[in-house]
Structures are given as C-alpha cells and as structure tokens.
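Throughout, protein chains are lettered first and strands after them, A, B, ... in sequence-line order, and every chain is numbered starting at 1. In this text the structure is predicted, and so the values were computed from the model without any measurement.
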There are 2 protein chains.
Amino acid sequence: MGIEIRIEADELKSFTEKIFAQVGLPDEDAIVEAEVLVWANLRGVDSHGVLRVPQYVKAVDDGYMNPTPDIRILNETPATVMYDADRAFGPVVTTKVMRHVIEKAKISGVGWGLLRDTTHQGAMAYYSLMAAEAEMAGMAIVCSPPNMAIHGSRAPGAHNSPISIAVPAKSRPPLVLDMATSVAAGGKISLAVDKGVPIPIEWALDPDGNPTTDPNVATILLPAGGPKGSGLALLFECLTGIMAGNPMLAPNLGASNGRKFIQNSIVVAVDIAAFTDIVDYRNNVDDLVDGRKLLPRADGIDEILVPGEPESQVLGERSRDGIPLPAGTINNLEEVARRFGVRMPNLL
Amino acid sequence: MGIEIRIEADELKSFTEKIFAQVGLPDEDAIVEAEVLVWANLRGVDSHGVLRVPQYVKAVDDGYMNPTPDIRILNETPATVMYDADRAFGPVVTTKVMRHVIEKAKISGVGWGLLRDTTHQGAMAYYSLMAAEAEMAGMAIVCSPPNMAIHGSRAPGAHNSPISIAVPAKSRPPLVLDMATSVAAGGKISLAVDKGVPIPIEWALDPDGNPTTDPNVATILLPAGGPKGSGLALLFECLTGIMAGNPMLAPNLGASNGRKFIQNSIVVAVDIAAFTDIVDYRNNVDDLVDGRKLLPRADGIDEILVPGEPESQVLGERSRDGIPLPAGTINNLEEVARRFGVRMPNLL
C-alpha cells in the first residue's frame, strides 16, 4: 500500500466541490455531490467515494453525465412521484426526490419516488438514511445495465442491484443495510487487483463465463445465494427500469454507448408515526441491537455487528484522523486539479 | 416414499374447507384458508400446503389461532393502513388487507398495509400475486420469532423472514419471487428428515450452535449470504414487528407460550399505471424473461428459469394429474377427518 496519505474530510469536500463547480455544476449541486462522495469515504466505502471524481469528469467530457440537467416531474399521485433525471449527477437528483417523498409520506403515510435516467448515485445508504433522520423508514434500490450472471447462466443477465434499508434508533446509530445482490461488490474485486491477491472462486466469472480466482479477469459477478440474489436483482429491475419505461436489462444491450452510466432507481419513505409511537419505535430498535450483542458468538467473532455498525466505527475514526487515500487516487485527483486550476487539499 | 397418492385439487380444497368450518371458521373464511393452502400444494410448495391442517387444528385447540377474530383497523392514512389481526388465520386477514391496499394504490399510487398479530400466512407469493393480477407490483414480507442465527452468532437471533415480490407479464406468467432469508427454508430440512438424507453443512446449526449435516438436530437456520440474509431479516423486523409495536425478536423470547404462531407482516401494492403504460410494462417483463432464456447456460443447466417458473411448471402438472401427498400427511388428515366426521377426499 506504500505510505498512507490522509486528508481531513472538510478539506476533501471543499476540494471536490470546486472541481465539480469547474465541471459546470451549479454551486449548490457541486456541494451535494461532494457531500455524498466524501460521506462514503468517511464511512469506509471508498469504492463510492472521491475515486469517482476523475471518472465523472470524463463522463461529462463524453456527454454521458449532465452537469446542468433539466430535472422534471413526469407524473405524480398523492403518494408517488416519478422524475426524469436527464442524466443528472445521481446525488443531485436523488436527494431532491428523497426530500419530496419524505414530504409525501408526512401526508400519505408513504412516499414512493421513481427516478428515470439518473447517473451514478453513490452509496444508496445516504438516501435511506435521509428518511431515517426524518423519523421514517427509508428504502432505496437501483438497477443499471447487466454486470452479474443470473442463476443458471454464465453471462451477464442482471445488474447486482443494491438495496438499502434504514431505520432510526434511539441511543444507537440508525440501523442501515446497504447490500449488493452479488456475492461480492465490484469494488472488492478492484481492491484485490490493487493488492495483487486472488479472489474466492465463488465471487465471479471470467469473460468466457468460467469461474476464476484472478481478479484481473473477473468481469461477471455471481449472485448472492444463487437464485435468491439473482431473483431479487430481476425483480428490482421490474420496480425500477421497467417501471420507468427504461429497461436496463434488455438482451444484448451490454454496457455500450455510455449506457453504463445510466441508472433507474426507487427511493421510498415510510412514516413511522403513521403506524406506531416514534419513541417506542426508537427504543425497540435499540433493544433489537442490544439483544443481538448478547447472543453467543460464532467462532472467531469478537463482537456481533449489526447493519451499518462497521461503517459507523470507521466514521468515528476517519472523522478524527482524516480519510486515507491510496497514492493512485491522489495522483488521479492531482491530474484533475491541474486541469481545472484547483489547489489540492492539504495532506495530513 | 412408498406408493404415491394423488388427490384432485378441488376435492382437496373442498375437504379442507369442511375441516376449517368444523374448527369454527365462518364458511367464507374457511374457503379462503383452503384456497391458499391448496394453491401452495398445486405449485409444489408442499411445506405451506395441507400438511398444515392438523397443526392449525391443534393451534385452535390450544387457543393460539382464532377462528372468529375481531379484525380491526388500528390506524389509516391515504396510502397506509394497519390492521390488528387478533390471531386470525393468516390468509383470512392477509387477503383482506391486500385487497384494501390495492384499492388505496388505485388512488394514492401505492398502498402499504401492516398486519399485527396474525398467525401463519401460508406462502407469501399468494398475496404479492394478488397485486400482480390487479396490474400492480406486489410485495409481502413477514417476521416471526427467531429461528435463524444472525451473522457472527451461533444462536437464533432473527427469523428467516421471507420476502415475495410479483409483477405482471403479458404472455408469460407473472414474475414472482418468494424467498426466505436463510440459505434453506425450514421445510427443506423437514424433507431431508423424511427422506433420511443428510443436509449440506452450510444450511443449519444444532441446538448448541455447531454446524451439522444431520437434519434431525438441525434447529438453527443459517442466513443466505452471511451478513446479507442476516441484515435483510433484521431490517424486515423493523418494517413489520417493530413498526407494529409488536417486536418478534426480543431477547430470550424464543418460541415459548404460543408466540411461535404469531407473525407481523407488510403487504404492499404499487400501481404500475401511476408510472408507466401497463401494456408497455407487460411487454417489457416478457422481454426481460425472453432475454434471460437466450443467455449461455451454466454447466449442467438445461433451461434458465426465472422466479416463479419452477412453481408454474408444477402447477400445470398437478392441475392435470392431481396433488401427490405423502402417506404421513394422508394419515394426519384422516385423523382430523375422523374427529370432525368429514369424508376424506377421493384418492386418484
């Protein structure tokens, strides 16, 4: 890994904002985009952090991501709304839609938002947690073009669509799940490439559809739990791409022609107060977590962790000590900084 | 397996109706209960079929299932409703709530129903498919007391909460997923007991929390995909039991005192017409399935099957040739038949 370089979160956020402003995003949108990326780094989800900045810059150059989109409501009912994102930066449009469905949920009990033609949304947990912070249960699902074999096949037939669900607790951090439907997320394979280590045989296939332990040729992800991850991914497409009239898993489409940047997504907020007392709810979530901690541990496990807890632990450490970035990421950011004449953040 | 005994579906349904009427269910409720159980048998989901009849009869005897419940709406908003099921037979109350949320979805775009204190609901796909038949996307989730180890633990800390999602197609049957969050459903372990065969080591733990291949001592299920199935199960409890103010995963509760019969559940309907053209939607689901069929197959796979397709194939066969029941199930049904003076169905 070489020397570990750390950057203070606010420094990194400010830098990222300036880059995106240079790319053409309105200032308020650049702030949102930087916030969501650095938030992921702070929680240790580096695959969805600032390493994306140079990729996004290129996608704008190539016309695949739109810094000044015409975001429009296509249709709306008391509890639902569908937005055309016009290839907006994902966090810019997704935070907007989640705020909208939270307002709907206050009146209708639930708000169900559908996004058509957004681009990379970052870590989906950001949006489900927005609902949890508003004392609601939040859910977010996204589907992109195929990168995962479905059960019984050896070629890409589904996206490893992630789902995030979050709920508020009382003394504890919100309970938040954010999982891909593949055995391993693509970022874990990239990490194995960087580290020069093999991957488990059950993670992925090579381009010919054969199992492999070589991360350099592992291009087709495998579904978690076989038919389970595979089935969830197919039904998630039916709730996102097909529901938006913008199917992502059409045969032979692959990732051609910039479509790999396109995503369709749902964000959902369920108002807890529509069903039960919010104080009771928060207490019961704390009790749920407390109870799990007391269970007998499996061999080799020091502490039983609940969804979101590993990320919360990293958040504490990185808020205090800064965000570590590999030399490769630093180099890529320096290149973008030079191009736009933006000063690099101070290194700790 | 011995001699295979088959019963014509309508014969079996009529028999089951009469038993439940004798148990004290109003005729219209006995019809619903019989319909949902025999429907599961017709689709090959025998673990959720008529083998449950004697168990339900005993649960009524013991006061755990209520044949004449006072089903009440506890609260309601334009898009949500929460019912107290008063320990009703699951299908009786769940079909009622799903019909209600389908009506809500016609007005509000989405209907979100929460059921408190129901009992065994049978196969959850029945309810998500009700929505699909109404040209909606349907979802159903249920949580009961702990029967599955969470990731990192060796004791029951979650229920292997199933989720079902269904959507309508055009020429093809609806796409319908119905999966437990455990590696294997409990019914598969019971089947291994009946067949006298070992189970894979990754399915379950014995009562001491050790991995086992002996289905006779396999009492603690293991989560599908480790932290993924485990995380889904915990968040599903937050959407069901905790949302209903009736936590199922409280520490040390176990399955004591008849609580093992209690379930909390959500049923959700999303109106496709609120977002897109229903004809386009149906065509796109057909295309999704057609496209999957054309993908290169994994070794040993004759045909790529999508969610719900194996069950549809069994449905065709059993509608024509009758439902096969093992001798043990026949014996148990005969015992109940004698008690209530109901004539056994004709055997084919």
Interface residue of largest heavy-atom contact number with chain A, from [options], under 4.5 Å:
options	answer
K104(B), M82(B), M179(B), R116(B)	M179(B)
A79(B), P296(B), A137(B), G308(B)	P296(B)
I272(B), N75(B), V289(B), I301(B)	N75(B)

Worksheet item: What part of I165(B) lies closer than 4.5 angstrom to a heavy atom of chain A: side chain, backbone, both or neither?
Response: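 It is both, since atoms from each part get that close.
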Practice prompt. Tell me, for I304(B) versus chain A, whether the close heavy atoms (under 4.5 Å) come from the side chain, the backbone, both or neither.
Written response: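 For I304(B), the contact with chain A is made by the side chain alone.
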Discussion item. Is it the case that atom NZ in K293(A) sees more than 12 heavy atoms from other parts of the structure closer than 6.0 Å?
Written reply: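 More than 12 heavy atoms, drawn from other residues, nucleotides or ligands, come within 6.0 Å of this atom.
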Worksheet item: Around atom CZ of R297(A), are there more than 12 heavy atoms of other residues, nucleotides or ligands at under 6.0 Å?
Response: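 Incorrect, the count does not exceed 12.
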If you count heavy-atom pairs under 4.5 Å between each of [options] and chain B, which one has the most?
options	result
A105(A), P156(A), S108(A)	S108(A)
L232(A), L74(A), L305(A), V176(A)	L232(A)
S153(A), G111(A), G109(A)	S153(A)
A244(A), G300(A), G225(A), G231(A)	G231(A)
V285(A), N210(A), D280(A), T276(A)	T276(A)
A180(A), G245(A), A224(A)	A180(A)

Practice prompt. Please name the pair of heavy atoms, one in L295(B) and one in G157(A), separated by the smallest distance, quoted to 0.1 Å.
Written response: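 In terms of heavy atoms, the two residues are closest at CD1-CA, 3.7 Å.
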Item to complete: Taking all heavy atoms of A274(A) and all of T80(B), pick out the closest pair and write down the distance.
Response: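 Shortest heavy-atom contact: CB-OG1, 4.1 Å.
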Against chain B, label [X] side chain, backbone, both or neither, depending on which of its atoms sit under 4.5 Å from a heavy atom there.
X	answer
P78(A)	both
V110(A)	both
I150(A)	side chain

Using side-chain heavy atoms (C-beta onward) and a distance below 4.5 Å, is [X] in contact with [Y]?
X	Y	answer
V270(B)	M243(A)	yes
V268(B)	W112(A)	yes
D287(A)	P247(B)	no
R154(B)	D299(A)	yes
R292(A)	L249(B)	yes

Kindly compute the distance separating [atom1] ([X]) from [atom2] ([Y]), expressed to the nearest 0.5 Å.
X	Y	atom1	atom2	result
S164(B)	L235(A)	OG	CG	8.0 Å
M248(B)	N284(A)	CE	CG	11.0 Å
C238(B)	L175(A)	SG	CG	5.0 Å
I242(A)	F275(B)	CD1	CZ	14.5 Å

